[in-house]
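Please read the structure below before turning to the comments.
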There are 2 protein chains.
Amino acid sequence: MAKNRQIIIYGVALAFLIFLLKWLEMRFIIIDNQLELYAGLIAVIFTALGIWLALKLRKPKIHTVIVEKEVFASPNGDFTINQDELRKLNLSKRELEVLQLMAEGLSNQEIAEKLFVSLNTIKTHSAQIFEKMEVKRRTQAVEMAKRLSLIP
Amino acid sequence: MAKNRQIIIYGVALAFLIFLLKWLEMRFIIIDNQLELYAGLIAVIFTALGIWLALKLRKPKIHTVIVEKEVFASPNGDFTINQDELRKLNLSKRELEVLQLMAEGLSNQEIAEKLFVSLNTIKTHSAQIFEKMEVKRRTQAVEMAKRLSLIP
DNA sequence: GATAAAATCACCCTAAAGTATGACTGTAAA
DNA sequence: TTTACAGTCATACTTTAGGGTGATTTTATC
């Protein structure tokens, strides 16, 4: 089959390599090499057998059936910020504000414009946020904030 | 680099096998009356090699079946993915996978390592995701995904 | 077997994010 | 009034994200 091209190519390459090896040995070492040829042949044959076995015994494709008919409960509209966690993290008011805007997917530039401050200020705030929350990226900060109910 | 990984693996494997073969030959010279054992060993090793190769190259991808049965007003606790929205966005399985890892706050590099593919592949996927979701940034994609219940 | 979609990867380049450091100001607490 | 801190901003630098393009290979489907 054409779709197993890679396997066939590798198999042929392996066979070729082994035969090349044997040929080289025959060229320079004048000994009884029948045995080595025999071994090489076995190797090639059983490699092929292994490939064949694996392909043959492979599990058939799983048919995916997606059943629908779902009824969703409307998410509770009441959100209360977790003051405990907020205090633990020791985030300032401004930092929480920046964090919320981050969670809305705004860029630092957009946050800066929204809060009427400079981009550098937002960078400083975000760096502070990441340090306090012990995360490395804004996405992690947002994930954590949602998990801790610091943000809806 | 990811592009050289397979080549390195094959090279090392091949080198190891040849070395093993030589070692077996040396052993055989000493114990020269066990031809069957020698041949058998080679057969087993190379059958295993063949199976390993086939499995490695064929990448037996398991379809992640998401069967969804009539859920009545699921309360807070378990999460059911919104198949309708998912179909509307036309996100592929892989793209959804990447999106989920994004939502966990992983960087593209980390996602690449987790999924055993290259960074460029993840970039391509994420670009596709942003285009399909009509967003500009990963944070927006995550926000939207959570809002649409594509992600817990 | 042809075809389409999905997945993979590369290269180049720009934009955005993040790090590190230092500095200035206003306010509130000690 | 000194101290501490929040908030502001800057400059320089590194890293990560994202855009655009093109290509190959798998996989599914007709």
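In what follows, chains are A, B, ... by sequence order, proteins preceding strands, each numbered from 1.
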Could you state the [atom1]-[atom2] distance from [X] to [N], rounded to the nearest angstrom?
{"X": "Ile129(B)", "N": "dA7(C)", "atom1": "CD1", "atom2": "C1'", "result": "13 Å"}
{"X": "Lys123(A)", "N": "dG18(C)", "atom1": "NZ", "atom2": "P", "result": "9 Å"}
{"X": "Lys93(A)", "N": "dG26(C)", "atom1": "NZ", "atom2": "P", "result": "18 Å"}
{"X": "Phe130(A)", "N": "dA20(C)", "atom1": "CZ", "atom2": "C1'", "result": "15 Å"}
{"X": "Gln140(A)", "N": "dT16(D)", "atom1": "CD", "atom2": "P", "result": "12 Å"}
{"X": "Lys136(B)", "N": "dG19(D)", "atom1": "NZ", "atom2": "C1'", "result": "11 Å"}
{"X": "Glu95(B)", "N": "dT8(C)", "atom1": "CD", "atom2": "C1'", "result": "13 Å"}
{"X": "Ile122(B)", "N": "dA6(C)", "atom1": "CD1", "atom2": "P", "result": "17 Å"}

Looking at [X], I'd like to know whether one of its side-chain N or O atoms comes within less than 4.0 Å of OP1 or OP2 on [N].
{"X": "Arg138(A)", "N": "dG18(C)", "result": "yes"}
{"X": "His125(B)", "N": "dT8(C)", "result": "yes"}
{"X": "Arg94(B)", "N": "dT8(C)", "result": "yes"}
{"X": "Thr121(B)", "N": "dC9(C)", "result": "yes"}
{"X": "Ser92(B)", "N": "dA7(C)", "result": "yes"}
{"X": "Asn108(B)", "N": "dT16(D)", "result": "no"}

Testing Glu131(A), Met102(A), Glu95(A) one by one against Ser126(A) for a side-chain contact (heavy atoms from CB on, under 4.5 Å), which residue passes?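 Of the listed options, the one satisfying the test is Met102(A).
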From Val117(B), Ile122(B), Ile129(B), residue fulfilling side-chain contact (heavy atoms from CB on, under 4.5 Å) relative to Arg94(B):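 Testing each of Val117(B), Ile122(B), Ile129(B) against Arg94(B), the sole residue satisfying side-chain contact (heavy atoms from CB on, under 4.5 Å) is Val117(B).
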Between Glu110(A) and Lys114(A), does any side-chain N to carboxylate O distance fall below 4.0 Å?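 No, this pair does not count.
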Could you tell me whether Lys93(B) and Glu97(B) make a salt bridge, using a distance below 4.0 angstrom between a side-chain N and a carboxylate O?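 Salt bridge absent between Lys93(B) and Glu97(B).
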Heavy atoms under 4.0 Å, any strand shown: does Thr124(B) hit a base, just sugar-phosphate, or nothing?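 Base: the residue Thr124(B), judged by heavy atoms under 4.0 Å, touches a nucleobase.
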Nearest-nucleotide pick for Asn120(A), side chain only, options being dC9(D), dA10(C), dT11(D):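 Among the listed nucleotides, the one closest to the side chain of Asn120(A) is dT11(D).
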Decide yes or no for Val142(A) and Val142(B): does some side-chain heavy atom of the first lie under 4.5 Å from some side-chain heavy atom of the second?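 No; the side chains remain at least 4.5 Å from each other.
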